[in-house]
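Following: one structure in structure tokens, then a few remarks.
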Amino acid sequence: LAYNGTYSSARYSTLAQITTANVKNLQMRWALQVKSLEKFEATPLVVDGRMYLTQAPNDVLAVDAATGRVFWQYSYEPSPKARLCCGIVKRGLAILGDTLFMGAIDGRLVAIDAYNGKPVWSTNVNGADPATGYSITMAPLVVKDKVIVGTGGGEYGIRGFIAAFDAKSGNEVWRFYT
């Protein structure tokens with residue numbers, strides 16, 4: 001399950017429960033008070049009644065999709081050396097089995113246990129000091145057993161790339177420079 005719904009990146013739901021005939025009957029069931037004052041650009045993932053969402057700078061929340069009750073919150077503490085050009089943005093997660101994947105603003109890729117919110121592994125995607133300007137604001141993409149991310153930071157003269165990581169270990173499998 002991924003941020004864009006499918007590999008075609010359509011960014012819309014193919015579900016048919018809400019139609020032009022019944023949309024007028026929709027009602028708010030719950031609201032979630034978040035702690036972030038940054039912009040929200042993330043699409044939540046919903047799996048087996050749990051909604052997983054991100055809030056800037058690097059938080060992941062697991063919420064009961066029916067009631068809004070928060071099951072857990074994971075807060076990743078980025079390096080204070082992290083440099084971002086255009087505000088703190090967190091665009092979402094990917095999930096494979098029971099593991100969530102989040103790119104961090106200091107250029108790390110973090111795997112989180114979807115059941116309890118505990119970190120499974122964390123890897124430095126760029127292999128460099130966060131002060132060099134590398135960041136990850138995108139939602140990772142899972143393809144088979146690989147987690148794919150690209151880097152941000154071109155404003156700081158970084159060398160951009162797309163890389164794939166083994167979903168179980170976090171080890172880099174390949175890298176393509178753009």
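A pairwise comparison of heavy atoms in Ile105 and Pro78 identifies CG1-CB, 3.8 Å as the closest pair. Listed here is the closest heavy atom pair of Pro140 and Ala94: O-CB, 3.3 Å. Of all non-hydrogen atoms in Asn22 and Gln17, the two that sit nearest each other are ND2-O, 2.8 Å. Taking both residues in full, the closest heavy atoms of Gly92 and Ala42 are given as N-CB, 3.8 Å, listed atom of the first, atom of the second, then distance.
For the pair Thr67 (side chain) and Arg69 (backbone), a donor-acceptor distance under 3.5 Å is present. Formation of a donor-acceptor pair under 3.5 Å by the Trp121 side chain with backbone atoms of Ala167 is found in this model. Remark: side-chain polar atoms of Trp174 are not paired, donor with acceptor, to backbone N or O of Ala163 under 3.5 angstrom. Side-chain atoms of Gln55 come within 3.5 Å of backbone N or O of Lys35 as a donor-acceptor pair. When atom types are taken as modelled, the side chain of Arg108 and the backbone of Ser122 share a donor-acceptor pair closer than 3.5 angstrom. Looking at Asp166, its side chain never comes within 3.5 Å of a backbone N or O of Lys146 through a donor-acceptor pair. A donor-acceptor pair under 3.5 Å links the side-chain atoms of Thr178 to the main chain of Gly160, judged by distance alone.
Cluster membership for Trp30 and Leu61, using ILVMFWY side-chain heavy atoms within less than 4.5 angstrom, is shared. Under the 4.5 Å side-chain heavy-atom criterion for Ile, Leu, Val, Met, Phe, Trp and Tyr, Val47 and Val110 are members of the same hydrophobic cluster. Side-chain heavy atoms closer than 4.5 Å link hydrophobic residues (I, L, V, M, F, W, Y) into clusters, and following such links, possibly through other members, connects Tyr177 to Met138.
Annotation: side chain of Val23 is in contact with side chain of Leu26 (closest heavy-atom distance under 4.5 Å). Contact check for Val142 versus Ile148: no side-chain heavy atoms found under the 4.5 Å cut-off. Looking at heavy atoms from C-beta onward, Phe161 lies in side-chain contact with Asn126 at the 4.5 angstrom threshold. Residues Ile112 and Val120 fail the side-chain proximity criterion, which asks for heavy atoms closer than 4.5 Å. Residues Thr54 and Leu93 have side chains in contact (heavy-atom distance under 4.5 Å, counting atoms from C-beta outward).
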side-chain contact (heavy atoms from CB on, under 4.5 Å) for Ile95 and Phe101? Distances and angles first, verdict last. CA-CA 6 Å; Ile95 189 167; Phe101 302 96; 5.8 Å; no
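By the neighbour-count criterion of 12 heavy atoms within 6.0 Å, atom CG of Asp98 is sparsely surrounded, having that number or fewer from other residues, nucleotides or ligands. Annotation: Leu32, atom CG; neighbour count of heavy atoms from other residues, nucleotides and ligands within 6.0 Å is above 12.
The distance from the OH atom of Tyr76 to the OH atom of Tyr74 is 7.0 Å, given to the nearest 0.5 Å. Within the model, atoms CD1 of Ile162 and CZ of Phe176 stand 6.5 Å from one another, a figure rounded to the nearest 0.5 Å. Interatomic distance, Thr132 OG1 to Arg159 CZ, rounded to the nearest 0.5 Å: 14.0 Å.
Residue pairs that meet the side chain to side chain donor-acceptor pair (under 3.5 Å) test with at least one member in residues 109-120, sequence neighbours left out, do not exist here.
For the pair Arg50 and Phe71, the cation sits on the ring face: its NZ or CZ lies under 6.0 Å from the ring centre, inside 45° of the axis.
When each of Asp59, Asn58, Val149, Ile136 is checked for a side-chain contact (heavy atoms from CB on, under 4.5 Å) with Met102, only Asn58 meets the rule.
A side-chain donor-acceptor contact under 3.5 Å links Ser75 and Gln73. For the residue pair Asn124 / Tyr134, no side-chain donor-acceptor distance below 3.5 Å is found, with atom types taken as modelled.
Scored by the side-chain contact (heavy atoms from CB on, under 4.5 Å) test, Thr20 finds no partners at all (sequence neighbours excluded).
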